[in-house]
Amino acid sequence: MAEGKVYIFDTTLRDGEQVPGCKLNAAEKLGLALQLEELGVDIIEAGFPVSSPGDFESVSQIARNIKNTTVCGLSRAVLNDIEVAAQALKYAVRPRIHTGIGTSDLHIKAKFNSTREEILERAIQCVKWARNFTDDVEFYAEDAGRTDNEYLARVIEAVIKAGATTVNIPDTTGYCLPYQYGEKIAYLVNNVPNIDKAIISCHCHNDLGLATANSIAGVIAGARQIECTINGLGERAGNTSLEEVAMIIKQHKDLGLYTTIKSEQLNPLSRVVSDTMRMPVQPNKAIVGSNAFSHSSGIHQDGFLKDAQTYEIITPEEVGAESSKIVLTARSGRSALAYRFQKLGFQFDRNDVDVLYAEFVKVADSKKEVEDADLSAIALQYQEKAAVA
Ligand code: KIV
Ligand code: ZN
């Protein structure tokens, strides 16, 4: 069984940046790369150098400026792509070339009009070529999620023999169920004789909302690298979100795994990525959504005010979020109302709160959320009436 460290391979600047509207300029990419290094990711996939002169330039700038983290460039299984990636990574302290090809029968036929044997040869050739430029070569078997396991195992054995040090098993279309993806990784662990010479990587897309679950199933089965992005950005429905896998691994000590992510930087960096890429984060997004630490129903608020752990498994401080919020709506109860009045500086006893609650519910029924200004108005009116009586 592999050791417990799970390498975090961030692809926000490559798979994430492919999203329409998320395009970044070189300065923005470099700024984010420096913050990703600070966050503690192990590998930054900086771009796809052959895709455009602008991306080549971005990858070169990142390669020159990042000192402790591995910098990776993507390529197809095309010799020129690999050479261009190597050029862009020339000044990196730790360069990685990520190369590969589609291995499912659908990709082999529809994309390449080829055969399994020809694709196997191309995979070997591209890994060997990449090894001329760096010792750190990652091979991706695109659409591995829908690739026949026996053939996939042959490809993986051959590319490791050719020099691949990481083997990426992408569920490119987000097709697998978690148990299927886990079984695929376990199949490789058990059927590729030289698998101990490489790290298995999970690269899961979110088309069915299973990217995070599949990546976790992958590491439980023996993979030791997760490819992911801040806020889960990526092609179509996105990739595995970095903040989710990092916190699952941190929370579930029972898995015996760890990462080097500094979790208190997750929320600040999520906001920077969202602003820079002009891509809002859904409010109910795990870990970094604006509602991730908001409590609005009476039952939850009452429990939370007695002991926060009744309704929170992570503290906001742990992930750099603002403090937990008690949001007042028509579903809130007396405990939350009393708590909020107290926060605003009003001292009311239980009988006062009973009367005030009736007023509060009237306002709450007419609004989505009752604000401090509404509460102050209710409280002052109540005090005035009490003074006259
Ligand atoms: O989803 C995918 O298969 C990819 C590869 C290029 C790694 O992004
Ligand atoms: Zn992808």
Side-chain angles (χ1 to χ4, degrees), residues 7-20 22 41-52 55 59 70-78 81-82 84-85 88 96-108 110-112 119 122-123 126-127 130 136-147 151-152 155-156 159 164-176 180-181 184-185 188 198-212 214-215 218 223 225-242 244-245 277:
Y7 290 85
I8 296 294
F9 175 114
D10 181 277
T11 184
T12 308
L13 302 178
R14 198 279 296 170
D15 215 319
E17 206 239 8
Q18 284 170 209
V19 174
C22 285
V41 309
D42 300 284
I43 303 107
I44 295 171
E45 188 165 49
F48 182 9
V50 85
S51 65
S52 74
D55 215 37
V59 176
T70 297
V71 180
C72 175
L74 184 76
S75 71
R76 295 167 296 180
V78 172
D81 277 31
I82 295 169
V84 173
R96 173 178 296 187
I97 295 177
H98 190 190
T99 188
I101 195 159
T103 52
S104 65
D105 287 336
L106 185 62
H107 277 225
I108 292 174
K111 278 178 68 176
F112 306 112
I119 293 297
R122 268 183 78 175
C126 73
V127 169
D136 188 349
V137 173
E138 174 168 339
F139 174 81
Y140 64 85
E142 197 180 6
D143 204 20
R146 293 186 297 175
T147 298
Y151 175 64
L152 184 62
V155 173
I156 295 305
V159 296
T165 42
T166 303
V167 286
N168 180 9
I169 312 301
D171 185 21
T172 304
T173 57
Y175 172 75
C176 290
Q180 292 170 328
Y181 191 73
K184 192 171 279 288
I185 301 299
L188 297 175
I199 288 178
I200 302 178
S201 184
C202 310
H203 178 113
C204 297
H205 277 269
N206 205 31
D207 299 65
L208 293 173
L210 291 171
T212 294
N214 283 344
S215 297
Q225 177 175 287
I226 296 180
E227 309 200 357
C228 46
T229 60
I230 300 286
N231 300 337
L233 290 169
E235 283 277 350
R236 307 181 307 281
N239 280 78
T240 301
S241 71
L242 185 153
E244 292 175 11
V245 288
M277 290 190 153

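Atoms within a ligand are numbered from 1 in the order they appear, just like the ligands themselves.
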K.L.:
Looking only at atom types and distance, does a side-chain atom of D171 sit under 3.5 Å from a main-chain N or O of C176, one as donor and one as acceptor?
P.N.:
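Judged by distance alone, yes, a pair lies under 3.5 Å.
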K.L.:
Any donor-acceptor pair under 3.5 Å linking the side chain of T229 with the backbone of T11?
P.N.:
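Flag not set: sc T229 to bb T11 has no pair under 3.5 Å.
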K.L.:
For ligand 1, indicate whether the residue R14 contacts it via side chain, backbone, both or neither (heavy-atom separation under 4.0 Å).
P.N.:
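For R14, the contact with ligand 1 is made by the side chain alone.
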K.L.:
Can I199 and F9 be said to form a side-chain contact (heavy atoms from CB on, under 4.5 Å), step by step?
P.N.:
CA-CA 12 Å; I199 288 178; F9 175 114; over 6 Å; no
K.L.:
Please check if the side chain of D42 supplies one atom and the backbone of I8 the other of a donor-acceptor pair under 3.5 Å.
P.N.:
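Yes, because the side chain of D42 sits within donor-acceptor range (under 3.5 Å) of the backbone of I8.
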K.L.:
Does R122 reach the main-chain N or O of A77 with its side chain, forming a donor-acceptor pair under 3.5 Å?
P.N.:
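Indeed, once roles are kept as given, a pair shorter than 3.5 Å links the two residues.
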K.L.:
Is the contact between T11 and ligand 1 made by the side chain, the backbone, both, or neither, using heavy atoms and a 4.0 Å cut-off?
P.N.:
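For T11, no heavy atom sits under 4.0 Å from ligand 1.
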K.L.:
For N168, give me all partners under side chain to side chain donor-acceptor pair (under 3.5 Å), at least two apart in sequence or on another chain.
P.N.:
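Scan of N168 (side chain to side chain donor-acceptor pair (under 3.5 Å), adjacent residues dropped) gives H98, E227.
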K.L.:
N168 heavy atoms, cut-off 4.0 Å: which ligand 1 atoms fall inside?
P.N.:
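Contacts of ligand 1 toward N168, numbered from 1: 7 (C).
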K.L.:
Using a strict 4.0 Å cut-off to heavy atoms of E142, name the atoms of ligand 1 that fall inside it.
P.N.:
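In order of number, 3 (O).
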K.L.:
Would you kindly specify which portion of H203 sits under 4.0 Å from ligand 1, judged on non-hydrogen atoms: side chain, backbone, both or neither?
P.N.:
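Side chain only; the backbone of H203 stays clear of ligand 1.
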K.L.:
Below 3.5 Å, N or O to N or O, backbone or side chain included: is there any such pair between D15 and ligand 1?
P.N.:
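Yes; the residue has a nitrogen or oxygen that sits under 3.5 Å from a nitrogen or oxygen of the ligand.
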K.L.:
Applying salt bridge (Lys or Arg N to Asp or Glu O under 4.0 Å), which residue pairs with at least one partner in residues 199-212 are found, sequence neighbours left out?
P.N.:
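As it turns out, the salt bridge (Lys or Arg N to Asp or Glu O under 4.0 Å) pairs with a partner in residues 199-212, which skip direct neighbours, are D207-R236.
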K.L.:
Check the pair T166 / E138 against side chain to side chain donor-acceptor pair (under 3.5 Å), numbers first and verdict last.
P.N.:
CA-CA 5 Å; T166 303; E138 174 168 339; 4.5 Å; no
K.L.:
T147 side chain to S104 main-chain N or O, any donor-acceptor pair under 3.5 Å?
P.N.:
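Flag set: sc T147 to bb S104 pair under 3.5 Å.
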K.L.:
Only counting residues at least two apart or in another chain, list the ones meeting side chain to side chain donor-acceptor pair (under 3.5 Å) with D10.
P.N.:
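With sequence neighbours excluded, D10 shows a side chain to side chain donor-acceptor pair (under 3.5 Å) to T12, given in chain and number order.
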K.L.:
Could you name all protein N, O or S atoms found under 2.8 Å from the Zn ion (ligand 2)?
P.N.:
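Protein N/O/S atoms under 2.8 Å of the Zn ion (ligand 2): D15 OD2, H203 NE2, H205 NE2.
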K.L.:
Report yes if some N/O of H205 lies less than 3.5 Å from some N/O of ligand 1; otherwise report no.
P.N.:
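Looking only at distances, the answer is yes, because the N/O contact criterion of under 3.5 Å is met.
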K.L.:
Any N or O on T172 sitting closer than 3.5 Å to an N or O of ligand 1?
P.N.:
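Yes, since at least one N or O of T172 sits under 3.5 Å from an N or O of ligand 1.
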